[in-house]
Amino acid sequence: MSGFEAQLTGSSSEKRRNQSSTTRPEAYELYLLARGYYVKNTRKDLEYARNMYLEALKIDPEYALAQVGIADCLCMEYMNYFNRSESIM
């Protein structure tokens, strides 16, 4: 044992939770709508979701969940719809 102990305090865990949320109800509403489209996982719905996340970021540029949502959409679009046979290697 090294004697090192990690302890989470209420303030640090609350700080992490607040970093991913928004205080803007309009941004949160767009986030929820985007999640609904994201789970459908069609090319068109992923595009709708990505655009809604972008709109949420226009309202609150620091909204981490919307930023992650865009990344999720791009990953799903790549994994499910990118034509790998045409990629340059």
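The structure displayed is predicted, hence computed values, not measured ones.
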message: Which residues pass the side-chain hydrogen bond (donor to acceptor under 3.5 Å, both in side chains) test with K58, not counting sequence neighbours?
response: E55
message: Determine whether a donor-acceptor pair (N or O, by modelled atom type, separation under 3.5 Å) exists between the side chain of R50 and the backbone of L74.
response: no
task: Please answer: with hydrophobic residues joined when any side-chain heavy atoms are less than 4.5 Å apart, are Y78 and V68 in the same cluster?
output: no
message: Are the side chains of Y28 and D60 in contact, using a 4.5 Å heavy-atom criterion?
response: no
Table please: side-chain donor-acceptor pairs of residues 30-41 below 3.5 Å, with sequence neighbours left out.
unit_1: N41; atom_1: OD1; unit_2: N80; atom_2: ND2; d: 3.3

- prompt: Looking at SG of C73 and CE of M52, how far apart are the two atoms once the value is rounded to the nearest 0.5 Å?
  reply: 10.5 Å
query: Got a donor-acceptor contact below 3.5 angstrom from the Q67 side chain to the P61 backbone?
result: yes
- line: Value for OG1 (T42) from CE (M76), rounded to nearest 0.5 Å, stands at 10.5 Å
- request: Could you state whether Y53 and Y81 fall into the same hydrophobic cluster, counting links through intermediate Ile, Leu, Val, Met, Phe, Trp or Tyr residues with side-chain heavy atoms under 4.5 angstrom apart?
  value: yes
message: For a 4.5 angstrom cut-off between non-hydrogen side-chain atoms, does L57 reach I70?
response: yes
query: Distance from E77 atom CD to D72 atom CG, nearest 0.5 Å?
result: 11.0 Å
- prompt: Looking only at heavy atoms, which two atoms of Y63 and A56 are closest? And how far apart?
  reply: CD2-CB, 4.3 Å
